[in-house]
Structures are given as structure tokens and as C-alpha cells.
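The basis for the numbers below is simple: all heavy atoms, side chains too, and nothing from hydrogens, waters or symmetry mates. All values reported here derive from a predicted model rather than from experimental measurement.
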Amino acid sequence: GINAEYMGINLFVIFRERMQTKYRFRNLYGEASRDKVENVRPSKVTSESWMARGNSTSFAFCWDTTGGGALAVLPNSTVGKLPANFPMIRGHQGAIVDFDFSPFADNIIATASDDLTAKVWSLPAHNEFKTDLIDASVVLSGHGKKVTLLAWNPTSENVIATTSMDKTVRVWDITNPSNSIVLPEAHEVLLSLEWNFNGSLLGGTTKDRKLRLIDPRARSTISETNTHEGSKGQKFTWLGETGLVVTSGFSSNQERQYSLWDLKNLSQPLNTKNIDNASGVLYPFFDADLGILYLAGKGDGNIRSFEFSDGDLHYNSAPDYRSTVASRAYGFYPKRAVNVMKHEVTRVIKVSEKEIEFVSFIAPRRAPEFQEDLFPDCISEVPAQTAEDWFNGNTVAPNRRSMRPDANVQSFTRSQVLTTSLNANDAKIKALEEQVASLQAELSNRNNTIAEIQAVVARLTEQNELLKQTVANFEIAQQKSHEQQSHEQQSHEQQSHEQQSHEQQ
């Protein structure tokens, strides 16, 4: 009937689109590794974040626990059954609901928690935990309610953004937490939070079904628009430097869908495409180097991929990773962590109820050697600027480095990060010491001048006292002289009077 005819038309449209689209990665496919991590107990806490993360050395996921949050951080080489007990990060009083590794130091990770704080942790060398990690390197306090999401700045060292159920966004310099930017309360709670490619803007979707773009240094929302009509959660990602963004959400009929938006005009999406009727929220991840958008949903077993070309996203079902095992969490590794000699273009952590597996998206090539077109220069581990630069208003593109296995790649360790910060602080201290010395010299000169003036005042005061005494002596002498003259005049007048009386007699 009508439904069959409708499905036939849809299949024809999809078939025609695939025939007309020239896919760069028509043979791309996703497969799970044979080696798995077993005996896991992933957290059952509801969260808006991915809840799994990885970098060049490690992967992390939240562990199910009571009485505070627990984060398991394990080497990438981990396989097989985990022991019943092993050391974890356990320094929060509430559940951990988001976390991420620093983009510039593999042994630094930040966590967000229900206990109203975010914390930054320095991991032991080679992730060789001896005991639980309780004391954080940095505590970020200031939110009035649960901290729900965090995001490291992709270009600026030590800069991180957090958001909370208090509907505010804060941007921190973790070396000086008091130096933070607090954005005014948003209209609703943010459901996603992500920096753009150069770390100048933040974007996210909110509970009132809007997309909001934020300039944190201007402390303002620069653009917003209504997104998906469905009442369930919505997510967001930037499409690299294309000037486009993607949101994922639900239609009014609760169909899962995504929309493609042009930043120059957010009045309506460039297009919106429905996907299916599943209930899990779709999380978008964009590989800006190859132009591939991945959509993965909690509760799903599948990961879909879309190629970006000619200003649009094209769905090619061939590369999809399909599984009947539902996920509890997904996490995408940074590009520098993939195995280039196996032509692995993307690696994903998939956390399910009792195990973790690693999904690789492979672009097969006949030649076994390094493929330049598959692995252009990726974002490097070296920050492009300091936190002070960012807070002073500077905007720069991220540093890039070669992905060739034989390339001389600079890798930032925690020691190097601290050394960089230490050198910067030493320079600041030296400048301040010079300023203090200058002020002290100026103060010393002023003190000398004051002393000289005080000496002159003292001399003048002494002279005044002498003058006062001289004047007083002069007045006394003058008074005596006046009295003597008066006495002499009286004597003379008396003598004259006596003489006259004598003559009359």
C-alpha cells in the first residue's frame, strides 16, 4: 500500500544519491578488535557526556561505585579480565559525570562532578597506580550546582571550560583558578559544550532546544537558533574550519535526526535528515582531517559515518560499524593515536555492560606503506599559545605535525608542560622584581628628598625660634627703654615744678 510505495520511493532516492555521490572512502569499514577488556563495571550515572575517552597512551571510563565517583584510567595495552580491585581516581565526593585528557599532556586529565567541582589530576608515570588517586593537582570551585560538562581549549595551554546545572559557563586558567571568566546565566542548562577549531568560541545545545554560540572573552552569546522539535536530548559539533556545524536530536515524531547549519545564517538549517526511530541520543564526532562525521548513540550497537563534500553530508552505509551489543558509552581517540601503518583512520572506545572493545575504521589500500592522503598533518600535542595569551584576547590556529611514523614529533610530557609554565612564571617574577626595584629606587629617592626637606624645615624652625627670641628680647629692651625715658621725664618735670615753686617764694 502507501507505506510500501513510500519506502520504495525512499529507497530509490537513497540509491540514486549514492550512485551520484563520489565517495572518497567507499571501502572504509569499521571492525572491533579481537582483544577486549573484560570484567568491567561501567557507571550507571546519567550523563550528557561521552563517558569514555582515550589518548596516545591511555583510555578512561567511569566505574560503577557508591559514595563518590570513580574513574578508571588504564594503559591502551590493557586486555583480558580486570582484577576485582585496582587503583582509580577517587577524589570526588559526588559522581563523576564528565572527564577528558589534556590535549597537550597525556598524563593530565580533568573531571567534572556532582559535588559542584571540577578537578585536574596528574597521572603517575606510565599509569602505574600504586594506590587510589585522592588528591587532585587543581580544584576548580565556583559553580553553584552540579558541574555537568567540561572542554579543554584546543590551542591554548591550561585553559578549560566548564558548565553546570547553575546554567553558567566558566573558563579557567588551571595554573591560576582565580583568573576565570564567568559567563552570565544561560536560558537553560547546556546539553553539550565544545570549542571551535581555534579556541575562540564555544558552542552547545541547551535544554530549551536551542543551539547557542558563545564568545567567552566577550562574555556574551553571539548567536542562537531553535533546533530540533523533539523533547529528548540534543548534541552539537563544529565541522572544523568549514563554517558549518551539526546538531543531532529528535523530530516532533521522536525520530532521530541531524541538521546541518551555516554559521553565517542560523535562521534555518541547510538540511535536516531523519535517521531512525531508536531512543538513544546521537553523539556527533567530526574528523576534520578527512571530512567524516560519525554518529554514535548510547544504547546503540552501531556507529554511522557520513562524508562531507560539496558543502553537504552524504551517508554511505558501507563504512558503518554494526553490532548487536548495546553500548553504555563511546569515546573517540585523537587522530595522533591511530595506527597509520594499518590504515586505521579512526579509533573508538566502546563500553558495554561487561566489556570494552576498540573499534577501528580502516581505509584499506593495496600498498602497505604510509598513505599521505589518509593521514595529512594532524593537530599536535604542542600548544599554540599560553593561557595568558588567550585571556589577553589572542586567537591562533592549532599547531600541526606530521603523522609519518618516522617523523621527528615533539611530544609534550607533564614535565615539559610544567617547565613551560615555570619559565613563563619566572619571566613574570623577574619583570615584577624589576618593577619592585624601580619603585624602591624611586621611593628611596623620594625618601632622600623628604629627608632633605625635613632638614631644611628643621633649620628654618630653629632660625624661627632664634628670631622669635631675638624679637622678644628686643621688645623687652624696648619696653625698658620706654619705661626709663618715662621715668626720666617725670623726674625732670618734678624738678622743674619744684624750681618754679621756689622762685615764687
Side-chain angles (χ1 to χ4, degrees), residues 50 53-60 71 73 75-76 89 98-112 118-127 136-138 140 149-162 171-177 179-181 193-202 216 238 240 285 287-289 331-338 347 377-392 394-403 407-427:
W50 286 95
R53 300 284 188 177
N55 65 16
S56 298
T57 64
S58 313
F59 66 94
L71 184 68
V73 184
N76 284 330
I89 293 175
D98 194 15
F99 54 92
D100 200 4
F101 292 98
S102 164
F104 308 121
D106 284 343
N107 62 334
I108 297 298
I109 193 168
T111 53
K119 296 184 177 183
V120 182
W121 310 83
S122 179
L123 304 175
H126 310 296
N127 281 345
S137 301
V138 180
L140 305 175
L149 295 167
L150 55 80
W152 290 98
N153 189 290
T155 65
S156 308
E157 183 184 9
N158 298 324
V159 177
I160 193 169
T162 59
V171 182
W172 313 78
D173 173 359
I174 65 170
T175 64
N176 183 16
N179 181 27
S180 65
I181 292 174
L193 183 69
E194 187 175 316
W195 291 96
N196 66 343
F197 80 99
N198 62 15
S200 62
L201 300 176
L202 283 164
W238 306 82
F285 176 85
D287 179 349
D289 296 328
F332 283 73
Y333 280 89
K335 183 54 72 78
R336 64 178 183 270
V338 302
R347 182 186 300 173
D377 290 354
C378 70
I379 293 176
S380 88
E381 307 92 324
V382 182
Q385 63 178 359
T386 65
E388 183 179 14
D389 293 331
W390 187 88
F391 277 90
N392 286 337
N394 293 341
T395 297
V396 294
N399 285 325
R400 291 188 171 272
R401 54 94 149 173
S402 172
M403 293 193 68
N408 182 18
V409 176
Q410 181 179 357
S411 177
F412 257 36
T413 64
R414 175 60 176 166
S415 175
Q416 289 171 309
V417 171
L418 290 176
T419 300
T420 302
S421 298
L422 182 62
N423 292 338
N425 287 340
D426 283 344

Inset, instruction - For residues P216 and I181, report the shortest heavy-atom separation together with the two atoms involved. - result: O-CG2, 3.3 Å
Inset, instruction - Using the test salt bridge (Lys or Arg N to Asp or Glu O under 4.0 Å), find all partners of D389 that sit at least two apart in sequence or belong to another chain. - result: none
Inset, instruction - Answer yes or no: is there a donor N or O on one side and an acceptor on the other, between the side chain of W195 and the main chain of A151, under 3.5 Å? - result: yes
Inset, instruction - Dump the intermediate steps for side-chain contact (heavy atoms from CB on, under 4.5 Å) on N76 and F59, then the final yes or no. - result: CA-CA 6 Å; N76 284 330; F59 66 94; 3.7 Å; yes
Inset, instruction - Take K119 and V138 through the side-chain contact (heavy atoms from CB on, under 4.5 Å) test and state the conclusion after the steps. - result: CA-CA 6 Å; K119 296 184 177 183; V138 180; over 6 Å; no
Inset, instruction - Grab the two heavy atoms, one from L193 and one from L149, that are nearest each other, plus how far apart they are. - result: N-CD1, 3.9 Å
Inset, instruction - Say whether S156 and Q385, considering side chains only, have a donor N or O and an acceptor N or O under 3.5 Å apart. - result: yes
Legend entry - Any L140 side-chain heavy atom under 4.5 Å of L150 side chain: no
Inset, instruction - State, with a plain yes or no, whether a side-chain heavy atom of R400 is found less than 4.5 Å away from one of I379. - result: yes
Inset, instruction - Determine, step by step, whether I108 and S122 satisfy the side-chain contact (heavy atoms from CB on, under 4.5 Å) criterion, reporting the C-alpha distance in whole Å, the side-chain angles of both residues, the deciding distance to 0.1 Å, and the verdict. - result: CA-CA 5 Å; I108 297 298; S122 179; 4.0 Å; yes
Legend entry - By side chain to side chain donor-acceptor pair (under 3.5 Å) - contacts of S200 (at least two apart): N196, N198
Inset, instruction - Return the set of residues passing side chain to side chain donor-acceptor pair (under 3.5 Å) with T155 (not counting sequence neighbours), or none when no residue passes. - result: N153
Legend entry - Heavy-atom closest contact (L202 atom, W238 atom, distance): C-CZ2, 3.8 Å
Inset, instruction - Would you indicate whether the side-chain heavy atoms of E388 and N179 approach each other to under 4.5 Å? - result: no
Legend entry - Closest approach of D289 to D377 (non-hydrogen atoms, all atoms of both residues): OD1-O, 4.0 Å
Legend entry - Minimal non-hydrogen separation, G240 against A288, with atom names: CA-CB, 4.1 Å
Inset, instruction - Evaluate side-chain contact (heavy atoms from CB on, under 4.5 Å) for N399 paired with F104, printing each intermediate quantity in order. - result: CA-CA 11 Å; N399 285 325; F104 308 121; over 6 Å; no
Inset, instruction - Taking all non-hydrogen atoms of both residues into account, name the closest pair between S180 and P177 and its distance. - result: CB-O, 3.7 Å
Inset, instruction - Could you pull out all residues at least two apart from W172 that satisfy side chain to side chain donor-acceptor pair (under 3.5 Å)? - result: T162
Inset, instruction - Measure the shortest side-chain to side-chain distance between F197 and P398 over non-hydrogen atoms and say whether it is less than 4.5 angstrom. - result: yes
Legend entry - Partners meeting salt bridge (Lys or Arg N to Asp or Glu O under 4.0 Å) with R336 (sequence neighbours left out): D106, E381
Legend entry - Those residues that, when tested against W50, pass side chain to side chain donor-acceptor pair (under 3.5 Å) (two or more places apart): none
Legend entry - Validation row: W390, V171 side chains within 4.5 angstrom (heavy atoms): yes
Legend entry - Geometric cation-pi criterion R53 and F101, 6.0 Å radius, 45° cone: no
Inset, instruction - Check whether any side-chain heavy atom of D287 sits under 4.5 Å from a side-chain heavy atom of F332, and report yes or no. - result: no
Legend entry - From OG (S102) to CD1 (I160), nearest 0.5 Å: 8.5 Å
Legend entry - Distance-only polar pair, side chains of S58 and N127, donor-acceptor under 3.5 Å: yes
